[in-house]
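Sequential numbering from 1 along the given sequence is applied to the chain's residues. Every heavy atom of this structure was used, including side-chain atoms; hydrogens, water molecules and symmetry mates were not.
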Amino acid sequence: MERIGFFVCHCGSNIKATVDPDVVLDGVRGIAGVVVAEQYPYMCAKTGQNMIADAIRDNQLTGLVVAACSPRMHEATFRKVAEAAGLNPYMVEIANIREHVSWIHKDKEEGSQKAVALAKAAIAKVKLNAPLFPEENSVVKRALVIGGGIAGIQAALDIAEAGFEVDLVEATPSIGGKMAQLDKTFPTLDCSACILTPKMVDAASHDKINIMTYAEVEKVEGFVGNFTVTVRKKARSVCMEKCTGCGDCWNKCPVKNVPLEFDLGLQNRKAIYIPFAQALPLVPVIDREHCIMFKSGKCGLCKTVCQPGAIQFDEVDELVEQKYGAVITATGFETINLDKFGEFAYNDSKDVITSFEFERITHGAGPTGGELVRLSDGRKPKSITFIQCVGSRDVTGRGKPYCSKICCMYTAKHAVLIKDKYPDIDVNVFYIDMRTPGKAYDEFYRRGAEEYGVKYIKGQVGKVVDKGTHLELSAVDMLDNVQLDLKTDMVVLATAIQPTASAKPLASKLSASIDTNNFMTEAHVKLRPVESPTAGVYLAGAGQGPKDIPETVGQAGAAAAKVIGLLSKKVLLSNPCTAAVDPKACNGCSLCSPVCPYGAISYGPMEINDHGFKTLERVSHVNLALCQGCGACVVVCPSGAMDLQGFSNKQLLAEVDALC
């Protein structure tokens with residue numbers, strides 16, 4: 001016989017303001033099987049938890065229903081209370097009367113009646129609940145970090161320092177990411193390379209870190225604690241073990257006109273190259289698309305001059321399969337394409353550049369040797385205009401609807417650096433809003449305006465026209481409500497950022513979630529900000545959303561801490577709320593297998609005992625370690641053979657009946 005305990009939480013005034021707890025209790029006290037019905041202001045607090053635990057023990061409860069906030073918030077809390085008091089944690093149900101009732105209803109009587117209905121539904125379901133028990137799975141003591149920027153490097157170092165093996169996979173020939181392209185960092189104006197390079201060296205020399213550059217994740221299988229990942233190491237055509245990084249090969253290469261990706265195409269490279277001077281590993285890669293040897297078979301000069309014999313034209317891609325307990329995605333960001341923003345003349349004028357191109361121009365190792373000059377004629381500009389939010393906060397559909405977050409501050413940095421080195425250059429900044437939320441950020445921005453004389457204009461630029469000797473801007477000053485026609489020598493566009501092109505296919509391989517803008521989605525925006533909804537997959541850096549370097553490093557450390565906690569466990573307990581198949585009802589149609597997003601369903605023979613006769617039938621099999629209990633297979637099963645433990649068809653229909 002059921003003995004059910006029912007508890008209502010006030011959640012302070014969150015629930016009690018629009019739901020009368022006494023009405024809810026009166027509505028459930030007459031239901032068969034309910035032997036305890038109580039209320040408390042904060043049921044998740046220690047006193048409330050003790051009240052529930054005492055009631056379970058004193059009344060020998062077989063089921064528990066808590067009417068409170070979303071189960072996403074506190075289902076785990078009350079399950080732990082039940083388990084500690086001797087009740088199977090899966091005999092606990094949550095009636096969500098905060099998000100589903102109090103937060104959306106103004107009328108207290110209406111809200112109270114809806115809360116009663118949800119309470120009755122939860123009670124009807126818990127009566128059909130059965131004790132469930134998780135399975136134990138082993139944990140592979142190795143982590144995979146995807147992305148070799150500052151986020152990936154920091155995460156790999158933190159995990160390695162805890163004593164675990166880490167593989168760091170980077171798609172480009174060197175680790176370093178976007179931070180390696182920067183000159184200075186805000187708000188301290190530290191040399192970016194001076195901060196980053198020691199981290200790169202630490203990662204490359206750490207005995208627990210295995211760096212795989214020029215490599216991509218090909219396939220991901222398995223589940224939390226036991227992922228099997230295949231990585232494609234693309235052929236560099238240069239033996240990393242033999243190469244000494246002397247440079248003879250790229251100095252001799254006759255192909256000189258390939259745009260250098262690291263400098264955003266502002267200067268050229270050879271067909272065999274390293275991305276930048278501090279690259280790690282300091283081993284070149286041959287660009288087969290532009291290499292004469294691969295195109296016609298008639299060169300090979302690099303191999304001729306290579307004393308160690310490191311050049312290998314016959315090298316092929318290598319597939320490496322490895323097992324991991326956890327995965328961190330740190331795939332970073334890229335800037336949007338500006339083809340749809342013709343009003344800024346970016347594709348028409350060499351003197352209209354993006355902020356990242358400006359970084360390379362002012363960098364000592366950049367295409368101009370750090371000299372600030374116009375790209376069209378090489379002369380020093382007398383005035384520079386910055387335009388903010390190019391493609392960010394864009395509701396027209398050309399750009400991105402979100403704030404790119406870093407633009408206000410890196411423009412403030414650029415403005416200060418210009419005025420510090422070239423005080424005679426006039427600097428104008430057109431902005432919508434200045435957003436400076438970080439530590440010492442607002443002081444830095446005001447320093448540029450007040451001490452250096454940077455002119456900030458709240459307004460938008462409607463048109464940029466290249467007149468050859470100068471650029472003409474048509475703009476609006478929104479504070480003074482006047483039309484402006486300005487002449488300037490250079491225009492710098494603060495371009496919106498977006499996830500890298502690899503983010504979406506990688507999310508598919510990991511069965512991770514992405515939002516409408518292709519950023520990786522966290523499990524809970526407040527309580528689980530570095531965890532993916534897919535167990536064992538963690539997020540770090542701008543691949544999860546726009547963020548600056550300090551926030552990126554902090555998130556990388558947090559993701560690493562989660563991984564360390566996971567890898568430190570001897571075994572993991574699986575979620576028992578998984579799909580279960582009735583082999584006698586299964587007709588082997590295979591409809592459930594392709595809809596499973598986790599690859600948890602396979603087909604094979606099973607011995608069926610029916611009326612005393614044993615037959616071998618082809619039926620579905622559910623891998624309980626892979627199954628996440630989404631229920632997709634239950635929906636498509638035409639024979640009703642699939643059901644979901646903890647959320648069976650009978651349980652859900654009982655809830656519907658109670659509501660009706």
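Residues forming a side chain to side chain donor-acceptor pair (under 3.5 Å) with Thr230 (at least two apart in sequence, or on another chain): none. Residues satisfying the side chain to side chain donor-acceptor pair (under 3.5 Å) criterion with Gln39, sequence neighbours excluded, are His10, Asp22.
The closest side-chain heavy-atom distance from Ser102 to Ile97 is not below 4.5 Å. Put simply, the side chain of Val65 does not reach to within 4.5 Å of the side chain of Lys120, judged on heavy atoms. The side-chain heavy atoms of Thr77 and Lys80, taken from C-beta on, include no pair separated by under 4.5 Å. Contact of the Leu573 side chain with the Glu136 side chain is registered, since non-hydrogen atoms from C-beta on lie closer than 4.5 Å. With a 4.5 Å cut-off on side-chain heavy atoms, Val36 and Val34 do not count as touching. Between Val101 and Thr18 the shortest side-chain heavy-atom distance does not fall below 4.5 Å.
Side-chain atoms of Ser404 do not come within 3.5 Å of backbone N or O of Ile406 as any donor-acceptor pair. Panel note: side chain Thr552, backbone Gly541; no donor-acceptor pair is recorded below 3.5 Å. In terms of modelled atom types and a separation under 3.5 Å, the side chain of Asn88 and the main chain of Leu132 share a donor-acceptor contact. Using modelled atom types, no side-chain atom of Thr331 and backbone atom of Ala503 make a donor-acceptor pair closer than 3.5 Å. A donor-acceptor distance shorter than 3.5 angstrom exists from the side chain of Lys125 to the backbone of Gly646, with no hydrogens or angles considered. Looking at Lys127, its side chain does come within 3.5 Å of a backbone N or O of Ala32 through a donor-acceptor pair. Thr228 places no side-chain N or O within 3.5 Å of a backbone atom of Glu221 that could act as its donor or acceptor partner. Between the side chain of Ser620 and the backbone N or O of Tyr603, no donor-acceptor pair lies under 3.5 Å. Lys400 places no side-chain N or O within donor-acceptor distance of the main-chain N or O of Asn517, the cut-off being under 3.5 Å. In terms of modelled atom types and a separation under 3.5 Å, the side chain of Ser593 and the main chain of Ser602 share no donor-acceptor contact.
Note on Asp167 versus Arg142: salt bridge recorded, some NZ/NE/NH1/NH2 to OD/OE distance being below 4.0 Å. At a threshold of 4.0 Å, the pair Glu75-Arg79 counts as salt-bridged, since one of the basic side-chain nitrogens sits closer than that to a carboxylate oxygen. Under 4.0 Å is where a charged nitrogen must lie from a carboxylate oxygen, and between Glu165 and Lys141 no such pair does.
Heavy atoms of other residues, nucleotides or ligands lying less than 6.0 angstrom from CD of Glu99 number more than 12. For Lys108, the NZ atom is densely surrounded, since the number of other residues' heavy atoms within 6.0 Å is greater than 12.
For the pair Lys547 and Phe333, the NZ or CZ position fails the cation-pi test of under 6.0 Å to the six-membered ring centre and within 45 degrees of the ring normal.
Using modelled atom types, one finds a donor on one side chain and an acceptor on the other under 3.5 Å when comparing Tyr441 with Asp548. Side-chain contact check for Asp20 and Ser112: no donor-acceptor pair (N or O, by modelled atom type) lies under 3.5 Å.
Here SG of Cys627 is found 9.0 Å from CD of Gln645. Values are rounded to the nearest 0.5 Å. Put simply, CG on Leu653 and CG on Leu128 are 10.0 Å apart, with the number rounded to the nearest 0.5 Å. The distance from atom CD of Gln322 to atom CG of Asn210, rounded to the nearest 0.5 Å, is 8.5 Å. For the atom pair OH of Tyr538 and OG1 of Thr329, the computed distance is 12.0 Å after rounding to the nearest 0.5 Å. Distance NZ/Lys569 to CD1/Ile564: 13.5 Å, rounded to 0.5 Å. Interatomic distance, Cys69 SG to Trp103 CH2, rounded to the nearest 0.5 Å: 8.0 Å.
Across all their heavy atoms, Glu216 and Ala171 have their closest contact at CG-CB, 4.2 Å. What you find for Cys633 and Ile601 is that their closest heavy atoms are CB-CD1, 3.6 Å.
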> Which is it for Lys562 and Glu531 under the salt bridge (Lys or Arg N to Asp or Glu O under 4.0 Å) test, yes or no, and what are the steps along the way?
Replying inline: CA-CA 8 Å; Lys562 290 287 185 180; Glu531 299 173 60; 3.3 Å; yes
Under 3.5 Å, which donor-acceptor pairs do the side chains of residues 42-55 form with other protein atoms, sequence neighbours left out?
| unit_1 | atom_1 | unit_2 | atom_2 | d |
| --- | --- | --- | --- | --- |
| Gln49 | NE2 | Cys44 | O | 2.7 |
| Asn50 | ND2 | Lys46 | O | 3.3 |
| Asp54 | OD1 | Arg57 | NH2 | 3.2 |

Could you pull out all donor-acceptor pairs under 3.5 Å where a side-chain atom in residues 1-8 meets a protein atom, sequence neighbours excluded?
| unit_1 | atom_1 | unit_2 | atom_2 | d |
| --- | --- | --- | --- | --- |
| Arg3 | NE | Asn59 | O | 2.8 |
| Arg3 | NH2 | Asn59 | O | 3.2 |

In residues 145-162, what donor-acceptor pairs under 3.5 Å come from side-chain atoms, sequence neighbours left out?
| unit_1 | atom_1 | unit_2 | atom_2 | d |
| --- | --- | --- | --- | --- |
| Gln154 | OE1 | Lys199 | NZ | 2.7 |
| Gln154 | NE2 | Asp158 | OD1 | 3.0 |
| Gln154 | NE2 | Asp158 | OD2 | 3.4 |
| Glu161 | OE2 | His206 | NE2 | 2.8 |

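Sorted by first then second residue, the side-chain hydrogen bond (donor to acceptor under 3.5 Å, both in side chains) pairs that include residues 651-660, not counting sequence neighbours, are Asn129-Gln651, Ser648-Gln651.
For the pairing with Lys16, the side chain to side chain contact (heavy atoms under 4.5 Å, CB included) check across Cys11, Pro41, Pro21 returns one residue only, Pro21.
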